[in-house]
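Here's the structure we're looking at; comments come further down.
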Amino acid sequence: GTVFVVQWDKVYLQGKEDMGSFTFQAALHSSGRIVFGYKEVPVPVLQISASQHPVKAGLSDAFMVLNPSPDVPESRRRTIYEYHRVELDTSRIASRSAVEFTPLPTCLQHQSCEMCVTSELTFNCSWCHVLQRYL
């Protein structure tokens with residue numbers, strides 16, 4: 001009820017199965033924390049060929065646009081636009097390691113007028129008495 005975990009178990013790089021398998025997790029906590037856990041990393045991430053196996057490690061916001069494909073009129077092509085990327089230093093990813101992202105405080109955490117007006121956030125949020133929530 002407070003955490004959602006996705007695990008990739010015994011993942012092999014295509015054409016490089018002899019290197020060994022990777023096992024890792026992403027845990028999304030209801031508090032907003034995100035933890036990446038690396039159980040098995042058989043080879044340093046920096047040694048993985050970027051052209052054959054592009055490695056992305058970190059967080060990013062993105063949105064997807066579906067466009068008609070000029071080649072096949074009844075199909076659509078997906079284009080993903082990334083922004084606000086936070087990348088991990090891949091040299092630090094190793095077996096039995098973890099990386100934790102902790103959210104910065106926001107207006108969303110306030111559950112009452114008192115909490116909102118007494119907060120020390122550096123941006124302007126305010127409490128709406130009619131809606132009984134922050135704005």
Side-chain angles (χ1 to χ4, degrees):
T2 61
V3 65
F4 175 76
V5 178
V6 177
Q7 179 166 309
W8 291 262
D9 195 27
K10 296 186 171 114
V11 176
Y12 292 88
L13 297 177
Q14 185 177 7
K16 301 285 186 182
E17 291 81 5
D18 60 322
M19 294 173 83
S21 67
F22 294 77
T23 297
F24 51 96
Q25 294 182 338
L28 310 176
H29 295 263
S30 61
S31 64
R33 284 183 349 162
I34 300 172
V35 179
F36 294 109
Y38 301 95
K39 183 178 180 183
E40 295 173 17
V41 180
V43 62
V45 176
L46 293 173
Q47 290 182 11
I48 299 172
S49 168
S51 61
Q52 292 179 327
H53 305 285
V55 175
K56 292 188 179 194
L59 300 172
S60 68
D61 288 332
F63 64 92
M64 182 176 62
V65 175
L66 296 173
N67 294 311
S69 176
D71 302 331
V72 184
E74 61 274 358
S75 72
R76 302 176 122 194
R77 183 179 37 195
R78 293 185 311 174
T79 305
I80 298 174
Y81 296 95
E82 270 188 320
Y83 58 97
H84 295 142
R85 177 185 259 177
V86 178
E87 294 187 59
L88 295 178
D89 178 356
T90 55
S91 70
R92 301 187 56 117
I93 296 173
S95 294
R96 296 186 185 98
S97 68
V99 176
E100 178 180 11
F101 289 92
T102 305
L104 296 173
T106 69
C107 291
L108 296 174
Q109 71 195 45
H110 300 311
Q111 302 298 317
S112 70
C113 176
E114 179 66 24
M115 287 175 65
C116 182
V117 297
T118 59
S119 74
E120 296 183 21
L121 298 175
T122 58
F123 48 88
N124 186 20
C125 69
S126 60
W127 183 260
C128 177
H129 289 283
V130 175
L131 298 176
Q132 290 295 298
R133 59 176 244 175
Y134 64 91
L135 297 174

Q) Does a sphere of radius 6.0 Å around OH in Y83 hold more than 12 heavy atoms from other residues, nucleotides or ligands, not counting ones at 6.0 Å or beyond? A) yes
Q: With H29 as reference, evaluate I34, V5, V35 under the side-chain contact (heavy atoms from CB on, under 4.5 Å) test and give the passing residue.
A: V35
Q. Between S21 (side chain) and Y12 (backbone), is there a donor-acceptor pair under 3.5 Å?
A. no
Q. Do Q47 side-chain atoms and V45 backbone N/O form a donor-acceptor pair below 3.5 Å?
A. no
Q. Between S31 and P103, which heavy-atom pair has the shortest distance, and what is it?
A. O-CG, 3.7 Å
**Q.** Joint cluster assignment, L59 & V6, ILVMFWY side-chain distance < 4.5 Å
**A.** yes
(Q) Quick check on Q14: does its CD atom have over 12 non-hydrogen neighbours (other residues, nucleotides or ligands) under 6.0 Å away? (A) no
Q: Check the hydrophobic clustering (I, L, V, M, F, W, Y; side-chain heavy atoms under 4.5 Å; chains of links allowed) and say if L66 and F63 are grouped together.
A: no
Q. Out of curiosity, does V55 fall in the hydrophobic cluster containing F101 (side-chain heavy atoms, cut-off under 4.5 Å, transitive links)?
A. yes
Q. In this structure, are over 12 heavy atoms from other groups packed under 6.0 Å from R92 atom CZ?
A. no
Q.
So which atom in S60 and which in E82 form the shortest heavy-atom distance, rounded to 0.1 Å?
A. OG-OE2, 2.8 Å
Q) Is there side-chain contact between V41 and F24, with heavy atoms separated by less than 4.5 Å? A) no
**Q.** Cluster link L46 to L88, ILVMFWY, side chain under 4.5 Å
**A.** no
Q.
Using the rule that Ile, Leu, Val, Met, Phe, Trp and Tyr join whenever any side-chain heavy atoms are under 4.5 Å apart, tell me whether V3 and F36 fall into a single cluster.
A. no
